[in-house]
Peer 1: 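Let me begin by handing over the structure; questions about it come next.
For reference, positions follow the sequence shown, starting with 1.
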Amino acid sequence: MNFLNTSEFNVESLIESAMRFKSGDDRSRPLSGKSVALVFFNPSLRTRASMQVGIYELGGNAVVLEPGGTSWTLEHRAGAVMDGDKTEHVAEFVRVLERYCVAIGVRTFATLKNWEEERTDPVLNAFAKYASVPIINLESAMHHPCQAAADMMTIREKLGAGRKRVVLTWAWHPKPLPMAVPNSFALAAAQMGHDLVIAHPPGYELDDELLETARSFGNVGVTNDIDAAFDGAEVIYAKSWGAKQFYGDSDRDLAERAQYRAQWIVNEDKMSRTNKAVFMHCLPVRRNVIVTDAVIDSSSSVVIDEAENRLHVQKAILAKLL
């Protein structure tokens, strides 16, 4: 069993398990004497640290590899003629690594060059294709399920069980970013039964198929009116992402988004329209760009608790898979 996105998992059950790990009621060590590989194609703070600590606390050992840094550069395409800068194919990399490790975590971002290709998560799925041990998505082009599960756990902790009015709002950022976090947040929020509103400027729609899947679980609305979106909200989740029609042409994206800088930011005025909402962000966050200091430093901000919950949720995921 792999953990590539949340759609095939009971998020509620993962949260309950994570809460037992967090409270200390569950002190099991299912990874005793075992190793888990963590493969990072991209930089990481929370994912890397929380996975390493979580594996240790479950009794295991983390093997951290960085293709092109601490390990060989990797080719993922089937049938590739490897006469370029890639040294090893995922086919061998994965099948060797699984002789040492009981699971493999993979972190690989979108390059924002080809939307139709990247929406298929080619690197992550190449790992899944060749592996006979569980593959855990530590963020891919399309999904960040560990983050989304921690987000749902944080909402449960802060606001209790039951349906909440949750807003996922796009925010201006000086460069286009991948859709993985907003995609996964939208999917998980729908799975948990929340009333979700996605606010973004025209042209910054999330993936159509992803939204269709989310709507199959629950109530998902979309608006281009950021002020109206905040009215009565109980959760504000801010995140920037790039427009899919501009993949491969970041200059056009930058030119398009310039008009939204002043309006699409989470500030005190917008938060005052909410129903005493908590403010959430996956971090790292650009202060006074995505959110003002006044909001992120306020008592409504739960970003540090959210980051802590990555540890507990990932322990629950590891325990479930292994």
Peer 1: Are the side chains of L138 and Q314 in contact, using a 4.5 Å heavy-atom criterion?
Peer 2: no

Peer 1: Between R77 and K86, is any pair of side-chain heavy atoms under 4.5 Å apart?
Peer 2: no

Peer 1: Quick check: closest heavy atoms across L4 and I135, and the distance to 0.1 Å?
Peer 2: CD2-O, 3.9 Å

Peer 1: Check A141 against D121 and note the closest heavy-atom contact, atom names and distance.
Peer 2: N-OD1, 3.0 Å

Peer 1: Taking a hydrophobic cluster as the set of Ile, Leu, Val, Met, Phe, Trp and Tyr residues connected by side-chain heavy atoms closer than 4.5 Å, whether directly or through intermediates, do M51 and V106 fall within one such cluster?
Peer 2: no

Peer 1: Is there a donor-acceptor pair closer than 3.5 Å between any side-chain N or O of N183 and the backbone N or O of L206?
Peer 2: no

Peer 1: Any side-chain heavy atom of I136 within less than 4.5 Å of one from C146?
Peer 2: yes

Peer 1: Tell me the closest heavy-atom pair linking P176 and L254, and the distance in Å.
Peer 2: CD-CD2, 3.9 Å

Peer 1: Go through the steps to decide whether V285 and V291 satisfy the test side-chain contact (heavy atoms from CB on, under 4.5 Å), and finish with yes or no.
Peer 2: CA-CA 8 Å; V285 64; V291 57; 3.8 Å; yes

Peer 1: Side-chain contact test, heavy atoms from C-beta onward, threshold under 4.5 Å: evaluate it for P284 versus R46 and give yes or no.
Peer 2: yes

Peer 1: Applying side-chain contact (heavy atoms from CB on, under 4.5 Å), run through E256 and Y204 and close with a yes or a no.
Peer 2: CA-CA 10 Å; E256 176 67 19; Y204 285 85; 3.8 Å; yes

Peer 1: I want to check something: taking the side chain as every heavy atom from C-beta on, are V102 and V133 in contact at a cut-off of under 4.5 Å?
Peer 2: no

Peer 1: Hey, quick one: are V53 and M153 part of the same hydrophobic cluster, counting side-chain heavy atoms closer than 4.5 Å, chains of contacts allowed?
Peer 2: no

Peer 1: Parallel, tilted or perpendicular, judged at 30° and 60°: which one describes the rings of W264 and Y260?
Peer 2: perpendicular

Peer 1: Between T6 (side chain only) and A149 (backbone N and O only), is there a donor and an acceptor less than 3.5 Å apart?
Peer 2: no

Peer 1: Inspect the surroundings of CZ in R29 and state if more than 12 heavy atoms from other residues, nucleotides or ligands are less than 6.0 Å away.
Peer 2: yes

Peer 1: Would D195 and R165 pass as an ion pair if we require N to O under 4.0 Å?
Peer 2: no

Peer 1: Please confirm whether the backbone N or O of V90 pairs with a side-chain atom of H76, one donor and one acceptor, at under 3.5 Å?
Peer 2: no

Peer 1: What about F185 and L283, same hydrophobic cluster or not, with Ile/Leu/Val/Met/Phe/Trp/Tyr joined at side-chain heavy-atom distances under 4.5 Å?
Peer 2: yes

Peer 1: Determine whether a donor-acceptor pair (N or O, by modelled atom type, separation under 3.5 Å) exists between the side chain of K270 and the backbone of I265.
Peer 2: yes

Peer 1: Mind listing the closest non-hydrogen atom pair of S35 and V63 along with its distance?
Peer 2: CB-CG2, 4.2 Å

Peer 1: For S301 and D297, indicate whether the former's side chain and the latter's backbone hold a donor-acceptor pair under 3.5 Å.
Peer 2: no

Peer 1: Between R99 and R95, does a side-chain contact (heavy atoms from CB on, under 4.5 Å) hold up when you go through it step by step?
Peer 2: CA-CA 7 Å; R99 298 291 179 96; R95 288 183 292 188; over 6 Å; no

Peer 1: With rounding to the nearest 0.5 angstrom, report the CZ to CG distance, F21 to D26.
Peer 2: 4.0 Å

Peer 1: Give a yes or no on whether the backbone of W241 and the side-chain of W170 come within a donor-acceptor separation of less than 3.5 Å.
Peer 2: yes

Peer 1: Hey, are E139 and N42 close enough side-chain-wise for a donor-acceptor pair under 3.5 Å?
Peer 2: no

Peer 1: Atom OG1 in T108, atom CG in L74: separation rounded to 0.5 Å?
Peer 2: 10.0 Å

Peer 1: If you measure only the distance, is there a donor-acceptor pair under 3.5 Å linking the side chains of T111 and E118?
Peer 2: yes

Peer 1: Which atom pair, heavy atoms only, marks the closest approach of S50 to R310?
Peer 2: OG-CB, 4.0 Å

Peer 1: Keeping the roles fixed (side chain from K164, backbone from A161), state whether a donor-acceptor pair exists under 3.5 Å.
Peer 2: yes

Peer 1: Between P178 and A110, which heavy-atom pair has the shortest distance, and what is it?
Peer 2: CB-CB, 4.0 Å

Peer 1: Check whether any side-chain N or O of Q245 sits under 3.5 Å from a backbone N or O of G203 as a donor-acceptor pair, and report yes or no.
Peer 2: yes

Peer 1: Could you verify whether a donor N or O on one side chain and an acceptor N or O on the other, from S132 and E98, lie under 3.5 Å apart?
Peer 2: yes

Peer 1: Which value, rounded to the nearest 0.5 Å, describes the distance between S240 atom OG and R257 atom CZ?
Peer 2: 4.5 Å

Peer 1: Do I104 and L31 sit in the same hydrophobic cluster, where Ile, Leu, Val, Met, Phe, Trp and Tyr count as joined when their side-chain heavy atoms come under 4.5 Å apart?
Peer 2: no

Peer 1: Does A150 offer a backbone N or O that forms a donor-acceptor pair with the side chain of H312 under 3.5 Å?
Peer 2: no

Peer 1: Any ion pair linking D208 and K244 (charged N to carboxylate O, less than 4.0 Å)?
Peer 2: yes

Peer 1: Hey, what do you get for CE (M280) to CG (D305), rounding to the nearest 0.5 Å?
Peer 2: 9.5 Å

Peer 1: What's the separation between atom CZ in F40 and atom CZ in R107, rounded to the nearest 0.5 Å?
Peer 2: 6.5 Å

Peer 1: Are the side chain of R20 and the backbone N or O of D25 linked by a donor-acceptor pair below 3.5 Å?
Peer 2: no

Peer 1: Counting C-beta onward and ignoring hydrogens, is there a side-chain heavy-atom pair between L97 and V39 closer than 4.5 Å?
Peer 2: yes

Peer 1: About how many Å separate SG of C101 and CG of L65, when rounded to the nearest 0.5 Å?
Peer 2: 8.0 Å

Peer 1: Using distance alone, with no hydrogens and no angle criterion, decide if N137 and N5 have a side-chain donor and acceptor under 3.5 Å apart.
Peer 2: no

Peer 1: Got L210 and H143 here, is their nearest side-chain heavy-atom distance under 4.5 Å?
Peer 2: yes

Peer 1: Working note: H194 + M152, criterion side-chain contact (heavy atoms from CB on, under 4.5 Å); need CA distance, chi angles, decisive distance, verdict.
Peer 2: CA-CA 10 Å; H194 296 309; M152 296 307 113; 4.2 Å; yes

Peer 1: Do other residues, nucleotides or ligands put more than 12 heavy atoms under 6.0 Å from the CH2 atom of W115?
Peer 2: yes

Peer 1: Counting only heavy atoms not in K22 (residues, nucleotides, ligands), do more than 12 fall under 6.0 Å from its NZ?
Peer 2: yes

Peer 1: For the residue pair Y237 and C282, establish whether any side-chain heavy-atom pair is separated by less than 4.5 Å.
Peer 2: yes

Peer 1: When you look at CZ of R215, are more than 12 heavy atoms from neighbouring residues, nucleotides or ligands closer to it than 6.0 Å?
Peer 2: yes

Peer 1: Determine, using the 4.5 Å side-chain heavy-atom cutoff (strictly less than), whether V278 and I226 are members of one ILVMFWY cluster.
Peer 2: yes

